[in-house]
Structures are given as C-alpha cells and as structure tokens.
Novice: 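Supplied in structure tokens, the structure appears directly below.
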Number of protein chains: 2
Amino acid sequence: MKPLSIGQVAKRTGIRTSALRYYEEAGILPAPARVAGRRSYDPDVIRRIDILRFAQQAGFTLEEIKTLFRGFGTDTPLSTRWQRLAHTKLRELDEQAERIQRMRSALELSLKCGCVRIEECSLSPSSVSHANDGCRGSRCS
Amino acid sequence: MKPLSIGQVAKRTGIRTSALRYYEEAGILPAPARVAGRRSYDPDVIRRIDILRFAQQAGFTLEEIKTLFRGFGTDTPLSTRWQRLAHTKLRELDEQAERIQRMRSALELSLKCGCVRIEECSLSPSSVSHANDGCRGSRCS
DNA sequence: CCTTGACTTCAAGTTGACTTGAATATGTAC
DNA sequence: GTACATATTCAAGTCAACTTGAAGTCAAGG
C-alpha cells in the first residue's frame with residue numbers, strides 16, 4: 001500500500017501529530033523514511049499504534065510498551081524480559097481490577113444509601129471488605 | 001482521643017507529611033487546629049485519609065475526591081452532583097475493568113504463544129475481540 | 001545553654017506524557 | 001506565482017500530584 005503522511009496517520013489513529021513525533025523521539029515508534037524531509041509512513045504503523053493505544057489504556061507506561069515492542073526475537077534466551085514484564089503486569093492488572101470492583105461496590109452502596117457525608121458510608125477499605133453493612137450514616141436504608 | 005501531630009498521622013497512614021500539607025493546601029483535607037503554629041489533628045482524619053487513598057487507588061483524581069468529600073449534605077437538591085460523579089465513575093470503572101480483562105487475555109495468550117514480535121500476536125483491539133485465534137505469528141501453538 | 005529533631009512556610013523542582021509556539025520549508029490549488 | 005495547508009525542528013510550557021530545599025521556630029534532653 002501507499003505510504004502515509006503524518007497527518008494521515010494522525011487522522012486514522014486519532015493520535016495527534018505532536019504525539020506521533022514524540023513517540024518517535026522516545027523510541028516507541030520507529031523513525032519512518034523521510035521524503036523531502038517529511039515523514040513517510042508504512043501503513044503497518046497503524047497496527048502498531050493501535051497496539052500502543054490499547055496497551056496504554058490497559059495501564060502500561062510508554063517505557064513498558066517500548067519493552068513490549070522490542071519483543072524478544074533478538075536476544076536469547078527467549079523472551080525472559082518480556083515474559084517477566086507480562087507476568088508482573090498481569091499481577092498488577094488483577095490488583096487494579098480488584099480495587100475497581102471494590103470501589104464499584106462501595107459506590108453503588110453509597111448511591112442506594114442516604115448518607116449525608118461519604119465518611120458515614122461505605123467508602124473505606126475496612127468497610128468495603130464486608131460491604132453489606134457498610135453504611136453507618138443517619139439515614140441508611 | 002488525643003490529637004495527633006502531622007508526623008504521627010504520616011506514620012499511621014503511610015502518607016508523607018509533604019503530601020498531607022499538600023492535601024490541606026489543595027482543600028482535600030480540612031486544615032487542622034494549630035497549637036503553637038503546629039498542626040494538631042483530630043484522629044478522625046485517619047479514616048478520611050484511608051478513604052482518600054482507597055478512592056485514589058480506584059482511579060479517582062484529587063479533584064473528584066474533593067467533590068466526593070464535599071458530599072451533598074449542604075446543598076439541596078440532595079446529592080445531585082455527587083450522584084452524577086458516582087454514576088460517571090461507575091461507568092468509567094466498568095470500561096477500565098473491561099480493558100484490563102482484554103489486556104489480560106491478550107497477555108496470557110501471547111505468553112503461551114511463541115511469537116517473535118508482539119505485533120504478530122494477539123495484542124490488538126481487533127484481534128482481542130475474537131481472541132482464540134489472535135496469534136498470527138510464525139510459531140504459534 | 002546548646003543541640004537535636006520535629007515542625008513551619010514558601011518557592012522551585014520532578015515525572016510522564018504530551019502540547020504549544022516560533023521560525024522555516026515544502027506541496028497543492030488556482 | 002502566490003496563497004494556503006501541511007510539514008519540519010527545537011525549546012519551552014502544561015498538568016497532576018507530589019517532593020525537595022532553604023531558612024526559620026519551638027520544646028525537650030543532656
């Protein structure tokens with residue numbers, strides 16, 4: 001397929017040109033060929049950028065994503081760094097998911113409940129863990 | 001109970017004194033009484049700080065937490081702002097949980113798979129949605 | 001009395017992930 | 001050939017959420 005200008009890449013991915021240049025500078029995206037000084041992107045970059053965004057939304061930092069991209073093809077032994085990162089991140093994702101679930105319960109409870117101040121209600125680490133009787137306010141249902 | 005110094009509060013909550021001063025400055029924690037110019041905290045503040053940390057870990061910004069704390073006791077009609085925030089945040093939490101789940105699947109899949117480069121594997125929004133055949137690399141199991 | 005340690009305020013620095021602005025160059029349309 | 005959009009680089013600015021440093025205050029122990 002035809003090469004893309006930075007503006008076209010920006011349009012297709014929803015990422016601003018300034019961010020694309022920044023990613024390149026930071027070594028996260030490869031520097032594309034230049035035609036008369038301008039970036040000329042292989043359309044493959046779109047897929048890579050999609051992955052980048054996806055990983056970012058899942059909570060990876062740009063540094064981590066760089067490692068992810070660097071992959072493990074080049075350096076034997078196979079993939080140890082990448083696997084470590086993946087394992088670590090899996091654990092982090094689980095923890096984050098659990099925190100989110102607890103916050104969810106707490107929020108839902110406090111919406112049903114008529115507490116005047118949030119402190120009276122369920123939003124604390126201790127009370128959320130046994131979340132049925134989290135509410136201690138004056139007008140709890 | 002007895003009032004606490006800023007150092008004692010820091011020790012009990014695991015939050016640095018600089019952060020406590022910052023929260024006060026930012027209006028997230030109430031300014032405690034001063035005794036000879038020094039902060040003298042009501043032990044209640046511990047609970048509030050616990051909630052603060054919990055909410056923060058669940059992805060709330062300090063601004064949002066401020067709103068959370070401001071609560072809805074004072075201004076009729078009851079709770080509209082706080083409820084809106086809670087609902088919005090619930091939706092956000094759900095989205096984030098889903099992203100995390102998808103990233104989890106993708107990571108697990110790519111650990112099992114022998115792809116040389118991550119692009120070949122499952123880590124993209126499109127392939128993750130039908131994640132059983134996400135791997136397109138050369139040595140996929 | 002003097003030192004030590006915990007505190008005070010205020011200003012400035014830090015990190016990650018960008019964005020914005022200035023000055024300049026190139027490509028496309030009329 | 002002259003606008004105008006789009007591109008370039010580089011430096012500096014932004015934002016949240018703090019941290020660090022400087023300079024000073026205060027109570028208690030030796």
Side-chain angles (χ1 to χ4, degrees), chain A residues 2-42 45 48-69 85 88-89 92 96 99, chain B residues 2-42 45 48-69 85 88-89 92 96 99:
Chain A
K2 317 222 133 135
L4 305 169
S5 72
I6 195 171
Q8 292 171 316
V9 173
K11 202 160 262 175
R12 295 204 190 182
T13 57
I15 303 260
R16 308 241 250 151
T17 60
S18 60
L20 292 173
R21 291 195 195 93
Y22 173 77
Y23 292 152
E24 182 180 331
E25 177 64 27
I28 290 148
L29 294 180
R34 308 294 166 120
V35 174
R38 291 159 176 235
R39 289 167 178 83
S40 174
Y41 288 93
D42 187 313
V45 81
R48 186 145 179 172
I49 292 169
D50 284 344
I51 297 171
L52 165 46
R53 291 218 302 164
F54 178 53
Q56 207 175 17
Q57 288 195 330
F60 282 68
T61 67
L62 289 184
E63 266 317 297
E64 289 168 335
I65 293 170
K66 207 159 128 189
T67 303
L68 228 77
F69 278 148
L85 174 57
T88 301
K89 214 60 193 178
E92 283 179 29
Q96 185 60 16
R99 271 197 291 273
Chain B
K2 316 223 133 135
L4 305 169
S5 74
I6 194 171
Q8 293 171 316
V9 172
K11 201 159 258 176
R12 298 203 188 185
T13 58
I15 302 254
R16 309 241 250 152
T17 60
S18 61
L20 292 173
R21 290 195 196 95
Y22 173 76
Y23 291 152
E24 182 180 332
E25 179 64 28
I28 291 147
L29 294 180
R34 309 295 166 119
V35 173
R38 289 153 178 240
R39 290 167 178 83
S40 174
Y41 287 92
D42 186 311
V45 83
R48 188 146 179 173
I49 292 169
D50 285 344
I51 297 172
L52 164 47
R53 292 220 302 163
F54 178 53
Q56 209 175 16
Q57 287 195 331
F60 283 70
T61 67
L62 290 184
E63 267 315 298
E64 289 169 335
I65 293 171
K66 207 160 129 187
T67 303
L68 228 78
F69 278 149
L85 174 57
T88 302
K89 213 61 194 181
E92 283 178 28
Q96 186 58 18
R99 272 196 292 271

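Order of the sequence lines sets the chain letters (A, B, ...), proteins ahead of strands, with each chain counted from 1.
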Novice: Could you tell me the separation between the CD atom of B/Glu63 and the C1' atom of D/dC15, rounded to a whole number of Å?
Specialist: 12 Å
Novice: Please determine which of B/Ile15, B/Leu62, B/Leu29 meets the side-chain contact (heavy atoms from CB on, under 4.5 Å) test together with B/Tyr22.
Specialist: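 Testing B/Tyr22 for a side-chain contact (heavy atoms from CB on, under 4.5 Å) against B/Ile15, B/Leu62, B/Leu29 leaves exactly one candidate, B/Leu62.
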Novice: Under the criterion side-chain hydrogen bond (donor to acceptor under 3.5 Å, both in side chains), I'd like the reasoning laid out for A/Gln56 against A/Arg53: C-alpha separation, chi angles, the key distance, then a yes or no.
Specialist: CA-CA 5 Å; A/Gln56 207 175 17; A/Arg53 291 218 302 164; over 6 Å; no
Novice: Test your reading of the model: is there a side-chain donor-acceptor pair from B/Gln57 to the backbone of A/Gln96, 3.5 Å cut-off?
Specialist: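 No, the answer is negative, given that no donor and acceptor are paired below the 3.5 Å cut-off.
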Novice: Does anything in residues 7-26 of chain B reach DNA chain D, meaning a heavy atom under 4.0 Å, and if so which residues?
Specialist: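 DNA chain D contact set from residues 7-26 of chain B: B/Arg16, B/Ser18, B/Ala19, B/Tyr22, B/Tyr23.
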Novice: Roughly how many Å is it from CD1 in A/Ile28 to P in C/dG16, rounded to a whole number?
Specialist: 11 Å
Novice: Distance check needed: C/dC18 C1' versus A/Lys66 NZ, whole Å only.
Specialist: 15 Å
Novice: Could you check how far CD1 of B/Ile6 sits from C1' of D/dA27, rounded to whole Å?
Specialist: 18 Å
Novice: Can you measure from CG (B/Leu4) to CZ (B/Arg39) and round to the nearest 0.5 angstrom?
Specialist: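 One finds 14.0 Å between CG of B/Leu4 and CZ of B/Arg39.
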Novice: Under 4.0 Å: is that the gap between some side-chain N or O of A/Arg39 and OP1 or OP2 of D/dA7?
Specialist: no
Novice: If you measure from NZ on B/Lys2 to CD on B/Gln8, what distance do you get to the nearest 0.5 Å?
Specialist: 11.0 Å
Novice: Whole-Å distance between C/dG16 C1' and A/Gln56 CD?
Specialist: 10 Å
Novice: Let me confirm one number: the OH-CG distance from A/Tyr23 to A/Leu52, rounded to the nearest 0.5 Å.
Specialist: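 Separation between the atoms: 5.0 Å.
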Novice: Once you round to the nearest 0.5 Å, how far does CD of A/Glu24 lie from CD1 of A/Ile6?
Specialist: 7.0 Å
Novice: To the closest 0.5 Å, what do you measure between OG1 (A/Thr13) and CG (A/Leu20)?
Specialist: 5.5 Å
Novice: For nucleotides 21-30 of chain C, list the nitrogen or oxygen atoms of the protein found under 3.5 Å from its nitrogen or oxygen atoms, one pair per line.
Specialist:
from   : atom 1 : to      : atom 2 : distance (Å)
C/dT26 : O2     : A/Arg38 : NH2    : 3.0

Novice: Closest approach to the side chain of B/Leu62, judged atom by atom: which nucleotide of C/dA17, D/dT9, D/dC18 is it?
Specialist: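 The listed nucleotide nearest to B/Leu62's side chain is D/dC18.
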Novice: CD1 of A/Ile49 versus P of C/dC18: gap in Å, rounded?
Specialist: 12 Å
Novice: Can you run down the salt bridge (charged side-chain N to carboxylate O under 4.0 Å, His left out) pairs that involve residues 11-22 of chain B, sequence neighbours left out, and say none if there aren't any?
Specialist: none
